[in-house]
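Starting off with a structure, shown below.
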Number of protein chains: 2
Amino acid sequence: MTKIKNMEEFAALSGISRPTVSKYFHDPDSVRPTTRARIEEALERFDYRPNIYAVNQNRKLTKNIGIVVPYLADPFFAEIARYLEQSCIAAGYRPSLFSSHGEQNLENEILDGLQSMKPAGVLLAPLGRISDRSAIEKFCANVPTILFDSNLEGLGAAFVGSDNFSFVSQTVEYMTRTGEPPSFFEMRTPANPNANKRRKAYVEVMERLGFEPHVIKIDGKGWAFEEIGHRGALKVLEQRELRTNSVLCSNDRLAIGFLAACYEQGIRVGRKEDCMLRVASNDDHPFAKFTCPSLTTAAHDYDNVAGRSVEALFELIENGGKLDSRTETLFPARLVLRDSA
Amino acid sequence: MTKIKNMEEFAALSGISRPTVSKYFHDPDSVRPTTRARIEEALERFDYRPNIYAVNQNRKLTKNIGIVVPYLADPFFAEIARYLEQSCIAAGYRPSLFSSHGEQNLENEILDGLQSMKPAGVLLAPLGRISDRSAIEKFCANVPTILFDSNLEGLGAAFVGSDNFSFVSQTVEYMTRTGEPPSFFEMRTPANPNANKRRKAYVEVMERLGFEPHVIKIDGKGWAFEEIGHRGALKVLEQRELRTNSVLCSNDRLAIGFLAACYEQGIRVGRKEDCMLRVASNDDHPFAKFTCPSLTTAAHDYDNVAGRSVEALFELIENGGKLDSRTETLFPARLVLRDSA
DNA sequence: CTTAAATTTTAACGCGCGTAAAGTTTTAGT
DNA sequence: ACTAAAACTTTACGCGCGTTAAAATTTAAG
């Protein structure tokens, strides 16, 4: 196995001219089967691969795709990212994964670095209200971008996410139908714009059902939702802020903290006879199944959100980076009944 | 704001020659302050940035660093990855994050893709026993690599991780000292080599303390540890396999499943009077604080493991990719006492 | 076996930038 | 102000590969 330096050398060793070899690497089917066989045979013997930098420098369009999520330590995003990565690879692209880690300046830096990578397209789940809108706007003007999970009005070529109204309406309706109407438990200054949509949906659904909405806002900032939910729950329980025996958390991570607080206080949660409280939530976090009690929640349609996102991106790329109009695709939730409500 | 095509053009606009501009981008301090000022002034007016592909093609050494973890949906790795990323950026490198998602072929593909990226160095947390040892060996021969978290004997220029013996000895000693000696709860075919070291440590410590080790092996494969721990715990509890009232789980994610099972079965866990069982674990998973009850566990020294890893990598890079001898750095655990044991 | 069609080869240019050599200007030290 | 050192400019080449146009070859069709 001699070391191959470049395509010239490899071409010589394989007995095929360099332009043809180049063509082969661009699309193996674009050369005659016999020459393809000869190249692939040489490929086995010498194990050469084109220099990706030289390739990307000369191609008008790279095969790179950027995937940016706001917080990778959240298994929800890790899970979606996995799906997105695999879809991109399957389509012959090279995905690069980035996490903003909940910080605006990091999101901006990532977008900056991404531009110099000249990606064919980017799948961006922005931080949301923390995002630097103008920076993202500028980025979207230069790079074909699909927004997902968290919508920034008018930005990106398309948005794909979940229908927050569907989430909340299902949980609220379920809880009222089988018990008492829930209070809504959320952060005072939520990091994610989905949170606002969920609160609005809660208020609307409650009013439609003829109940008075009761929103409980707890303090805390950042992405340590469990901690914030835990602290908030302790306060709520202590001060008896709940008007009914049921609570709907804005998201599962808050609910995880809430349930931990209930456990500590000896408050049994669930729909059984001896339970004092019912807790439901939104997202279907990977760990929601293992809370105590297991968490009743409205599940994201992971597969469809991720699938539609890459689909939209590929359309966008094939369309030369522009789509006729900005579409917003929302997928409804699936109510997952477990023990907590 | 005219669009700048290349460095030639930018150099002309800034009134500085291209080679000097090139030098500036390589190291802003390498040019005279006055010319630096002129360049940066032009930079503000025209917003140009060197084509990263052209740069990397010509530099003998890129500024890329690859970070590979076995499973990003595990918040433990997400957390470490965040620290590693930030350290690399602070040192002027461009980190790229990859997750093997628990699959050997993906790990191999990532390593393959990484090679064509000609990184200055790679921080690799391998899958462990699932890893394709020969593939990784080949990779390490071509790319300066530091292994972390999970050791593959002899591979990579150095290894940085946690001292599994320290983890287990602390938890076992604590549990025996304050109660009964624990059984050890683990997967029959653990995905991670740390698991084996932990079992061995358990047996050794137990024997040293004069107790008979009792290892409970549960079935299941893959990385859905919570699910596996949950199922396994139900079986263990049903068949009364525990000989004492205390259990040490191989890792926190198994423990999360175990605690969920206990809750479902109405078995109170903790060290209070009315508790039937004590459960401890290893890792200090980000969610360990929010289990019910909160989980007593041996915590990784995140900061030191991550810090020492990048330190070792930078040494390696500055040393031209070779170190005198392969070192293995192990950091001890810190026992975190919570409510479960 | 002839001929048109399809492929491959040859030759050459360009991409954007690193880098080296030689010459010119600026800076610093006394 | 004078000189050596430092920094800059000019010129030119190379990196590894995409791409193109014309020439040569192979293949498929009749």
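Just so it is clear: chains get the letters A, B, ... in the order the sequence lines come, proteins before strands, and each one is counted from 1. The basis for the numbers below is simple: all heavy atoms, side chains too, and nothing from hydrogens, waters or symmetry mates. Given the structure is predicted, the values throughout are model-derived calculations rather than measurements.
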Is the shortest side-chain N to carboxylate O distance from B:Arg326 to B:Glu328 below 4.0 Å? yes
The nucleotide from C:dT9, C:dG16, C:dC15 with an atom nearest the side chain of B:Asn6 is C:dG16
Next on the checklist: Looking at B:Arg308 and B:Glu311, is any side-chain nitrogen of the basic one under 4.0 Å from a carboxylate oxygen of the acidic one?
Outcome noted: yes
Rounded to whole angstroms, how far apart are NZ on A:Lys23 and P on C:dT8?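 Rounding to the nearest Å, NZ of A:Lys23 and P of C:dT8 are 6 Å apart.
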Q) In whole angstrom, what separates A:Glu8's CD from D:dG14's C1'? A)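 Whole-Å distance recorded here is 14 Å.
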_On DNA chain C, compare the nucleotides closest to A:Pro33 and A:Arg18; which residue's is nearer the 5' end?_
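Its nearest nucleotide being more 5', the pick is A:Pro33.
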Here DNA chain C, pairs taken as Watson-Crick or G-U under 3.5 Å and shown with ( ), [ ] when crossing and | when to another strand, reads ||||||||||||||||||||||||||||||
Measure from CD1 on B:Ile39 to P on D:dC8 and round the result to the nearest Å.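 Rounding to the nearest Å, CD1 of B:Ile39 and P of D:dC8 are 8 Å apart.
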Separation of D:dC8 atom C1' from B:Arg36 atom CZ, nearest Å, is 17 Å
Rounded distance [0.5 Å steps], CD in B:Gln57 versus CD1 in B:Ile52 =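 With rounding to 0.5 Å, CD (B:Gln57) is 13.0 Å from CD1 (B:Ile52).
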Checklist entry - Can you tell me if the side-chain N/O atoms of B:Thr20 get under 4.0 Å from OP1 or OP2 in D:dT9? => result yes
### Message
Rounded to whole Å, please give me the gap between CG in B:Asn51 and P in D:dC15.
### Response
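Computing the B:Asn51:CG to D:dC15:P distance gives 19 Å.
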Send over the distance from B:Arg38 CZ to D:dC8 P, rounded to a whole Å.
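Distance, rounded to whole Å: 10 Å.
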